[in-house]
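Heads up, the thing below is written out as structure tokens.
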Amino acid sequence: MPDRLTIRRPDDWHLHLRDGAALKAVLPYTAHQFGRAIVMPNLSPPITTAVAAQAYRARIIAALPANADFTPLMTAYLTDDSDADALAAGFADGAFVAAKLYPAHATTNSAAGVTDIRNIDAVLERMAEIGMPLLIHGEVTDHRVDIFDREAVFIDTILLPLMSRLPTLRIVFEHATTEHAVTCVREGGANIAATITPHHLLLNRNAMFQGGIQPHHYCLPIVKRERHRLALLESATSGDPHFFLGTDSAPHAVSAKETVCGCAGIFNAPSAIENYAEIFDAAGALDRLEAFASINGPRFYGLPVNAGSLTLERAPSVVPALVKLDDRDAIRPFRAGETLGWSIVEEDLS
Ligand code: DOR
Ligand code: ZN
């Protein structure tokens, strides 16, 4: 196995950047590693219009460190009232590159999400016609369905029927967490793909309870059994173009995680590519990291791969213990304070 690896500059196809002080605090970590990111629209209030997306994009660009070379790719938050013409106009003029389906109440800031997928039939038909990707948070919200089964039930009751109704709709099944998800995506043809996070590749559900409750390992979709982690690992490292990098880095203040009703989300941006390198290395698949991190994503979205490169070395790097948010609060990164086996040593932004 090589000790040094140069790949095309990678992109993050699923990212939460938040706004205000949090945006300023977290953005440098992503901009340092990735050329582009698909930015999630679940702000409060959510990004539902092209005007709001353009304003948010401007705030992201204003928060970038000097000399950064980073392009935010904006998404529209779908609601029961989303309008097909407005969405198509936003896609045509580049305000949005995709639209995100949050089932109402599935996760953070999803209360305004879609209550029944049939309410947005007209929107989805138009998206299929114009080639606008649909990004899916794939979990049902029925409280009678066990939290560990919500992804599989979503696939059977909502995703598969949708794929039959609209076979030309381009779908990214975000943050896949189960064997069922990766099988459906692998066998689902050229119009479906999935992102896979570092934490779902590294953790099984024991991690939430290891030696006591671990709020920093709580995210949605929740981490699953070991056999699901192994299926994700096999898919991510297989080279199959259906699978690509999406961190789902989701920062929350420590005070919002370590509390009576802690928020869902894992902030992995500070060590995202180092984590993926370690995972691919351990799987004997370093030669496939570039496809997963830098090539499969842009191919699916119909975008060029990045011109620059990123060089990693098998050398220790330490994850920050905390990232300061403001005078009172901080965000705790995934694997805070741990030493990882890979480091970024060079970046060519050309
Ligand atoms: O764990 C999660 N956090 N899952 C999501 O779907 C949303 C995200 C967030 O925005 O915090
Ligand atoms: Zn997310």
Side-chain angles (χ1 to χ4, degrees), residues 11-20 22-23 25-27 30 34 37-48 56 60 72-78 97-114 133-141 147-148 150-151 154 158 171-178 181 193-203 205 207-208 214-224 232 244-259 261-269 272 297 323 325 329 331-334:
D11 302 298
D12 184 349
W13 299 98
H14 184 125
L15 177 67
H16 298 269
L17 282 175
R18 314 303 191 206
D19 214 340
L23 168 63
V26 305
L27 179 61
T30 292
F34 296 107
I38 286 277
V39 179
M40 289 296 133
N42 63 331
L43 300 187
S44 182
I47 304 295
T48 54
Y56 185 28
I60 294 168
L73 304 173
M74 310 310 290
T75 58
Y77 180 115
L78 295 176
V97 304
K100 176 75 188 264
L101 169 64
Y102 286 107
H105 305 292
T107 187
T108 307
N109 291 339
S110 63
V114 174
L134 175 70
L135 316 183
I136 297 186
H137 183 111
E139 289 191 288
V140 294
T141 56
I147 190 166
F148 293 98
R150 287 184 186 177
E151 182 173 285
F154 182 94
I158 297 174
I171 296 173
V172 182
F173 193 81
E174 300 290 349
H175 40 54
T177 69
T178 57
T195 53
I196 304 183
T197 77
H199 43 282
H200 289 102
L201 290 169
L202 284 168
L203 306 179
R205 65 192 198 173
M208 283 183 296
Q214 299 289 342
H216 296 283
H217 289 162
Y218 173 57
C219 64
L220 290 170
I222 203 154
V223 291
K224 306 290 193 305
L232 298 174
F244 45 84
L245 188 158
T247 63
D248 197 12
S249 180
H252 291 278
V254 169
S255 62
K257 293 285 291 176
E258 299 176 9
T259 183
C261 185
C263 292
I266 294 181
F267 173 49
N268 58 34
V323 168
L325 190 52
D329 232 327
I331 313 164
R332 184 181 159 90
F334 182 49

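In listed order, ligands and their atoms are each counted from 1.
- Against a heavy-atom cut-off of under 4.0 Å, Ala250 is close to the following atoms of ligand 1: 3 (N), 8 (C), 9 (C), 11 (O).
- For atom 7 (C) of ligand 1, the closest non-hydrogen atom on the protein side is Thr107 OG1, 3.2 Å.
- Remark: ligand 1 and Tyr218 share no N or O pair separated by less than 3.5 Å (distance only, no angle test).
- A distance of 9.0 Å separates CG in Leu202 from NE2 in His217, rounded to the nearest 0.5 Å.
- In the vicinity of His137, heavy-atom distances shorter than 4.0 Å reach the ligand 1 atoms 6 (O).
- The CE atom of Met40 lies 11.0 Å from the CZ atom of Arg18; values are rounded to the nearest 0.5 Å.
- Going from atom CZ of Phe244 over to atom CG of Asp12 covers 11.0 Å, rounded to the nearest 0.5 Å.
- Remark: side-chain polar atoms of Ser249 are paired, donor with acceptor, to backbone N or O of Asn268 under 3.5 angstrom.
- Note that CG of Leu17 is 5.0 Å distant from OH of Tyr56, once rounded to the nearest 0.5 Å.
- Side-chain atoms of Thr177 and Lys224 form a donor-acceptor pair, as typed in the model, at a separation below 3.5 Å.
- Side chain to side chain, Ser44 and Asn109 fail the donor-acceptor criterion of an N or O pair below 3.5 Å.
- Of the protein's heavy atoms, Leu220 N, 2.8 Å lies nearest to atom 1 (O) of ligand 1.
- The Zn ion (ligand 2) has His14 NE2, His16 NE2, Asp248 OD1 as its protein N, O or S neighbours under 2.8 Å.
- In terms of protein heavy-atom proximity, atom 3 (N) of ligand 1 is nearest to Ala264 O, 3.0 Å.
- Classification of the Phe173-Phe154 ring pair by plane angle, with boundaries at 30° and 60°, yields tilted.
- The side chain to side chain contact (heavy atoms under 4.5 Å, CB included) test with His137 is passed by exactly one of Glu174, Lys100, His14: Lys100.
- The heavy atom nearest to atom 11 (O) of ligand 1, out of those in Lys100, His199, His252, Glu174, is found in His252.
- Heavy-atom contacts of Cys219 reach the following atoms of ligand 1: 1 (O) (cutoff under 4.0 Å).
- One finds the NE2 atom of His199 at 10.5 Å from the CG atom of Leu232 (value rounded to the nearest 0.5 Å).
- Atoms of ligand 1 found under 4.0 Å from any heavy atom of Asn42 (numbered from 1 in listed order, with element): 9 (C), 10 (O).
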